[in-house]
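Data block below; observations after.
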Protein chains: 2
Amino acid sequence: MDSRDYGRPLTPGRGSRNESTRQHNLSLLLSLVHHHPQISRAELTRMTGLNRSTIGALVADLVDARLVVEVAALSGNVGRPSPRVTAHPGIAAVAVNPDVDAIIVGLVGMGGVVLDRKRIPLPELPSPEQTVQIAADATRDLLAAHPEIIRIAGAGAAVPGLARPLDGVITRSPHLNWYEIPYAEMLEDALQTPAYIDNDANVGLLAEAVFGAGRNLSTYFYMNGSASGIGGAIIAGGTVLRGADGYAGELGHTVVDSNGPLCHCGRHGCLETEVQYARLKDAAAPHELVFGDLANSLADIDNGAVAEEIDRQVELLAGAIASHMSVFNPEAVILGGFLGGLFERRGEELRQRVKDLAFAPLADELVLERDSIGEDLLLVGAAELAFAPLLDNPLGG
Amino acid sequence: MDSRDYGRPLTPGRGSRNESTRQHNLSLLLSLVHHHPQISRAELTRMTGLNRSTIGALVADLVDARLVVEVAALSGNVGRPSPRVTAHPGIAAVAVNPDVDAIIVGLVGMGGVVLDRKRIPLPELPSPEQTVQIAADATRDLLAAHPEIIRIAGAGAAVPGLARPLDGVITRSPHLNWYEIPYAEMLEDALQTPAYIDNDANVGLLAEAVFGAGRNLSTYFYMNGSASGIGGAIIAGGTVLRGADGYAGELGHTVVDSNGPLCHCGRHGCLETEVQYARLKDAAAPHELVFGDLANSLADIDNGAVAEEIDRQVELLAGAIASHMSVFNPEAVILGGFLGGLFERRGEELRQRVKDLAFAPLADELVLERDSIGEDLLLVGAAELAFAPLLDNPLGG
DNA sequence: GTGACTTGGTTGTGAATCGCAACTTTTGTA
DNA sequence: TACAAAAGTTGCGATTCACAACCAAGTCAC
């Protein structure tokens, strides 16, 4: 049996003209270079299936456009060494992530390398106008410190809250106390470069998808536990599942206990109201927990009431994961934030409970992972938002 | 703000060669003809954005391949009338749907027209071998009665149970008592044509997506209530969400009441164990309900215990829908089977409760619909499975 | 170290495909 | 009946890729 047609679009698209081929191939090459830091022309030939003469011409176009550079080949194999193609070191994107107590601005090169970052602490909740102004100043400073940057692909922002990537409006961010803010437009005006936004869970997932734990997967979901709740994001068939407005992915509002407390979403016993960092902290008191290193800071006190709370949260998390397993049939589930910490301390128990609670064939080969990028996750992901249009159409137009 | 890049693939694909353009455009044209029964060449030109000389050449290719025919133009507008292009009337697919008490075999033309069907009742649960043999006999009869059919695109089967479209294996169908059956392969051997399978919910959704309630939507989900349970299927970004093995879409196993009875999936209080046709039937007894016309057969007895049961099911269904709304942020939700009947009787209540229980921005413009194709749903959908490869690559290869 | 071998870049030619402009056909309208 | 509008048809040119022949640069065996 040959392989079946998976995920074919059901609604006809647009006609393909002759130039579409070129654009598609250039996009493909630039994306491969972006994903693989030092890929050789020979590897590009193999991975695309195109003729090597074609690859030569396409790479030359990208070099002319100052999007990539060719560097000396590595020897070691028989045959003529193939020059390596890397992203042009002068291309970068600006990541601008507002948070409750600071603004984090980063300069990220192609290939997902964070070149520089600035964290500007704020005494109080910032207004959108303030953050945009601060971001513009910080960007100017960063660019002044990096004269090698010849081109800014755009700006990206990870928003803690509901955001509409399509029109760049932040629908609501209770943490920032922002509602219906045309943030992308404001950023574009201040930074004089195209700006893109998305919610923080999608942005984190994007980074993991391109450079992290999701590199070789095409269907999986990501659950991220922050101090303020549980965010989710989904990759289905190799693309971020965004839904009609970009609000898709709220995996923290699965009902895990109908007797639980009322959630702000209107239902009772959502995962987010039951599995909380605050509850772990309370159970651990007076011991202090380190959010970024939860597993280790739990290690010494994992008994009694603390162990009980961990077990309770693992059980409820397993129920939610099992529920989503039936819906998505993913290749893997990636856990971040304090959920990653829980997974580190109770990996086998969690895996076993998901298996118990899910349809057998679905969890047979369940892969649970923790996220792998770490501190710069949201900077890399936000930059990725800005790189996307360039990757899709390298020579513009 | 220009429109943002939605659902771009994150993993680079293959290189596009010159012929890819042709294949893409032929596929696009044939798909448009398939979707629109009598489309004119001028409309094809407008919808694809291609030059009219190109459309002329492409249509000529499809005519040569006996995939479409050109029929007389309709006049009435100024200017030279444009010939209409329709699917060749001699192209069909065979739909072979096994069920517990019968096998339904249908001959479906391009454009989703059911040309003929046969229902072969069975005295007992059939074995896979039996159904395949019966399907082959029935197909021979149907083809004998339809000498105009010059080409069979393939065979498709809607399977009541878990199926893997990728390798054509039925993982498990408790209703049929079939486990790990290489059904597509068996059908291919018996019918001597490529065969494709998928679970019945996905097949139903496919029909609705191409010819029914989902025609103009790109993100929505479908919940179908049968006598034996609740099936689900999802369209995200214009494609069927299938997951790693094709098992995705089990929307019937959302927890709606964690105090409820144990479900066969391992959890308590799944939607499927709480919202059941059998419970409606019991509440209505001694009145008889008509499954296919539930709303009408409930009309006269919608009070007392029956009304209470309906209300209860509507409330739980609303909870499940609201939960999925947060995950998918769909443009619409389509209800089929007895869930469609519940919707007909309690449309406004259901809509209101979903709004109450979902995040506000998500349900603001909620569209609830019932499925629209009716009796032939699974025949049309199963045929669609078989047409897909032809639509993707009309001239073969 | 020398020559065979292998891998891969380079160049020129040919084929596929689409757009475009000019021309023709067919209809409706004044 | 003349004219305008819409759309099919035809020939030409541009773009893009594959292919084959050739050349370059490394490894490997002796």
Side-chain angles (χ1 to χ4, degrees), chain A residues 13-30 32 38-65 68-85 393-397, chain B residues 13-30 32 38-65 68-85 393-397:
Chain A
R14 296 282 296 173
S16 174
R17 40 199 65 207
N18 221 312
E19 312 131 51
S20 319
T21 304
R22 187 70 155 202
Q23 182 183 325
H24 175 264
N25 287 339
L26 285 169
S27 165
L28 180 56
L29 286 192
L30 192 57
L32 284 168
Q38 289 245 327
I39 196 169
S40 70
R41 263 163 69 176
E43 284 168 308
L44 289 172
T45 302
R46 278 190 292 272
M47 293 177 77
T48 58
L50 296 171
N51 193 280
R52 49 188 210 250
S53 60
T54 308
I55 296 293
L58 290 167
V59 170
D61 275 10
L62 293 176
V63 170
D64 287 350
V68 305
V69 292
E70 290 193 297
V71 299
L74 291 182
S75 54
N77 299 319
V78 283
R80 177 172 174 173
S82 188
R84 306 196 151 251
V85 184
N393 189 4
L395 304 188
Chain B
R14 295 282 297 173
S16 173
R17 40 198 64 206
N18 222 312
E19 314 132 47
S20 319
T21 304
R22 187 71 156 202
Q23 181 182 325
H24 175 264
N25 288 339
L26 285 168
S27 165
L28 180 55
L29 286 193
L30 192 57
L32 284 168
Q38 289 245 326
I39 195 168
S40 71
R41 261 162 70 174
E43 285 169 308
L44 289 173
T45 302
R46 278 190 291 273
M47 294 178 77
T48 58
L50 296 172
N51 193 279
R52 46 184 208 251
S53 59
T54 308
I55 296 292
L58 290 167
V59 170
D61 275 10
L62 292 176
V63 170
D64 287 350
V68 305
V69 291
E70 289 193 297
V71 299
L74 292 183
S75 55
N77 299 319
V78 283
R80 175 170 175 176
S82 189
R84 301 191 157 256
V85 185
N393 188 4
L395 304 189

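The chains referred to below are lettered A, B, ... by the order of the sequence lines, with proteins before strands, and numbering in each begins at 1. Owing to the predicted nature of the structure, the values given are computational and were not obtained by experimental measurement.
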> Under 4.0 angstrom, heavy atoms only, what part of the nucleic acid is B/Leu50 near: base, sugar-phosphate, or nothing?
Replying inline: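 Since only primed, P, OP1 and OP2 atoms lie under 4.0 Å of B/Leu50, the category is sugar-phosphate.
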
>> By the 4.0 Å heavy-atom rule, please label B/Thr45 as base, sugar-phosphate, or nothing.
In response: nothing

Round to the nearest Å and state the distance from [X] atom [atom1] to [N] atom [atom2].
X: B/Arg17; N: D/dT15; atom1: CZ; atom2: C1'; result: 17 Å
X: B/Leu58; N: D/dG8; atom1: CG; atom2: P; result: 13 Å
X: B/Leu44; N: D/dA7; atom1: CG; atom2: C1'; result: 13 Å
X: B/Glu70; N: D/dA7; atom1: CD; atom2: P; result: 14 Å
X: A/Asn18; N: D/dG13; atom1: CG; atom2: C1'; result: 12 Å

> 5' to 3' on DNA chain C, which nucleotides open and close the contacts with chain B (atom under 4.0 Å from a heavy atom)?
Replying inline: C/dA16 to C/dG28

>> Pick the closest DNA chain D nucleotide for A/Ser53 and for A/Gln23 by heavy atoms, then say which residue is nearer the 5' end.
In response: A/Gln23

> Starting at the 5' end of DNA chain D, which residue's closest nucleotide do you reach first, B/Asn51 or B/Arg46?
Replying inline: B/Arg46

> B/Asn51: what forms a side-chain hydrogen bond (donor to acceptor under 3.5 Å, both in side chains) with it, not counting sequence neighbours?
Replying inline: B/Ser53

> How long is the gap from CZ on B/Arg52 to CD1 on B/Ile55, to the nearest 0.5 Å?
Replying inline: 11.5 Å

> At what distance, to the nearest 0.5 angstrom, does OG of B/Ser40 lie from CZ of B/Arg46?
Replying inline: 6.0 Å

> Which sits closer to the 5' end of DNA chain C, A/Ser82 or B/Arg22, going by the nucleotide each is nearest to?
Replying inline: A/Ser82

>> Before you tell me yes or no, could you show the steps for A/Val85 and A/Arg41 under side chain to side chain contact (heavy atoms under 4.5 Å, CB included), namely the whole-Å CA-CA distance, both residues' side-chain angles and the distance that decides it to 0.1 Å?
In response: CA-CA 7 Å; A/Val85 184; A/Arg41 263 163 69 176; 3.8 Å; yes

Tell me, do [X] and [Y] make a side-chain contact under 4.5 Å, heavy atoms counted?
X: A/Pro394; Y: A/Leu62; value: yes
X: B/Asp61; Y: B/Arg22; value: yes
X: A/Asn25; Y: A/Thr48; value: no
X: B/Thr54; Y: B/Leu58; value: yes

> What string of B, S and - do you get for nucleotides 21-30 of chain D 5' to 3' if you count protein non-hydrogen atoms under 4.0 Å?
Replying inline: B--BBBSS--

> Given the rule in the side chain to side chain contact (heavy atoms under 4.5 Å, CB included) test, do A/Ile39 and A/Met47 qualify, once you have shown the distances and angles that lead to the verdict?
Replying inline: CA-CA 10 Å; A/Ile39 196 169; A/Met47 293 177 77; 3.7 Å; yes

